[in-house]
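Accompanying notes for the structure given below.
First listed ligand is number 1; within each ligand, the first listed atom is number 1.
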Amino acid sequence: MLVNMKDLLLDAEQGNYAVGSFSVANMEMVLGVIKAAEELKAPIILQIAEVRLKQSPLELIGPLMVAAAKEAKVPVAVHFDHGKTFEKISQALDIGFTSVMFDGSHLPLDENIAETNRVIAKARKYGAAVEAEIGCVGGSEDGSEDIAINCTNPADAVRFENETGVDALAIAIGNAHGNYKSTPKLRFDILEEVDRITKTPLVLHGGTGITPDDFVRCSKTGIKKINIATATFDKVEQTVRSAYGNGAISGYYDLQGAEVEGAYQNAKKHILIFGTDNKA
Ligand code: 13P
């Protein structure tokens, strides 16, 4: 069933776990992620980032994501990840996304607050949740930039929360999008401080490559949503490649099945690490 992201994060706060937010690029990934969620009775979030719309146009993939969420036997929120433009955020809301992110992390704090408030005013008309980001997560969603990590200043998080009332706040604690060159050393000192002085559910971006222990520690320290993108794309690609290697693909529908399987395996692995199974 299609649900508001705010409700999923509220449940996650009460249950002391984090919900997996899985990036998808096509129908096969949507099917694989939902299959894992249904099998494990897990609430999940399906998301797509604005930079990915050149491969997967929003007017096509958006209605597919919303329809799949409505059909699912578990609660599914549909989220617009790293919204950069008011135009695309509005389009996602019109399509029926139950959550949107405005990423103003590159802006001065004052401007980030002002623009986030503009998005919140719009999203409230649809009853949708809003995520924002302060500090700067490293890398970039599509690997086209190597943005330096700029850890969140806890005092900024308090100001941001007070001046926006945002529903979810992405923070930068040494995490980065894409594959890490070495195991990341997350700044748990910063996370603990932000968690201590704010009330907003926190979001961890750059989930690919973070260790299971760190995921669990984050989920017990205020992180209520964890974004996974690269791991899904890599697992789908590897599953297809090995199916070809094993001679398991002899036609298009075997290829399609391998894509669904890759997305399913990756979502299942992360749901079990996050401890979201049997929380639906
Ligand atoms: P990864 O690609 O590192 O999993 O990051 C996902 C993400 O944060 C999407 O916003």
Give me the pairs of N or O atoms, one from ligand 1 and one from the protein, that sit under 3.5 Å apart.
{"unit_1": "ligand 1", "atom_1": "2 (O)", "unit_2": "T230", "atom_2": "N", "d": "2.9"}
{"unit_1": "ligand 1", "atom_1": "2 (O)", "unit_2": "T230", "atom_2": "OG1", "d": "2.5"}
{"unit_1": "ligand 1", "atom_1": "3 (O)", "unit_2": "G178", "atom_2": "N", "d": "3.0"}
{"unit_1": "ligand 1", "atom_1": "4 (O)", "unit_2": "T208", "atom_2": "N", "d": "3.2"}
{"unit_1": "ligand 1", "atom_1": "4 (O)", "unit_2": "T208", "atom_2": "OG1", "d": "2.5"}
{"unit_1": "ligand 1", "atom_1": "4 (O)", "unit_2": "A229", "atom_2": "N", "d": "2.8"}
{"unit_1": "ligand 1", "atom_1": "4 (O)", "unit_2": "T230", "atom_2": "N", "d": "3.4"}
{"unit_1": "ligand 1", "atom_1": "5 (O)", "unit_2": "G206", "atom_2": "N", "d": "3.3"}
{"unit_1": "ligand 1", "atom_1": "8 (O)", "unit_2": "H177", "atom_2": "NE2", "d": "3.2"}
{"unit_1": "ligand 1", "atom_1": "8 (O)", "unit_2": "H205", "atom_2": "ND1", "d": "3.3"}
{"unit_1": "ligand 1", "atom_1": "8 (O)", "unit_2": "G206", "atom_2": "N", "d": "2.7"}
{"unit_1": "ligand 1", "atom_1": "10 (O)", "unit_2": "D81", "atom_2": "OD1", "d": "3.4"}
{"unit_1": "ligand 1", "atom_1": "10 (O)", "unit_2": "D81", "atom_2": "OD2", "d": "2.6"}
{"unit_1": "ligand 1", "atom_1": "10 (O)", "unit_2": "H82", "atom_2": "NE2", "d": "3.2"}
{"unit_1": "ligand 1", "atom_1": "10 (O)", "unit_2": "E141", "atom_2": "OE2", "d": "3.4"}
{"unit_1": "ligand 1", "atom_1": "10 (O)", "unit_2": "H205", "atom_2": "ND1", "d": "3.1"}
{"unit_1": "ligand 1", "atom_1": "10 (O)", "unit_2": "N227", "atom_2": "ND2", "d": "3.1"}

Just distance, no hydrogens or angles: give the donor-acceptor pairs under 3.5 Å from side chains in residues 13-23, sequence neighbours left out.
{"unit_1": "S21", "atom_1": "OG", "unit_2": "Q47", "atom_2": "OE1", "d": "2.8"}
{"unit_1": "S23", "atom_1": "OG", "unit_2": "Q47", "atom_2": "NE2", "d": "3.1"}

- Query: Under the side-chain hydrogen bond (donor to acceptor under 3.5 Å, both in side chains) criterion, do N4 and D167 qualify, and how do the steps go?
  - Reply: CA-CA 11 Å; N4 191 299; D167 302 300; over 6 Å; no
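- The existence of a salt bridge linking K6 and E131 is excluded, since no basic side-chain nitrogen approaches an acidic carboxylate oxygen closer than 4.0 Å.
- Between the side chain of Y244 and the backbone N or O of V240, no donor-acceptor pair lies under 3.5 Å.
- Checked for salt-bridge contact, R241 and E237 meet the test: a charged N lies under 4.0 Å from a carboxylate O.
- Judged by distance alone, the side chains of T211 and D213 never bring a donor and an acceptor atom under 3.5 Å apart.
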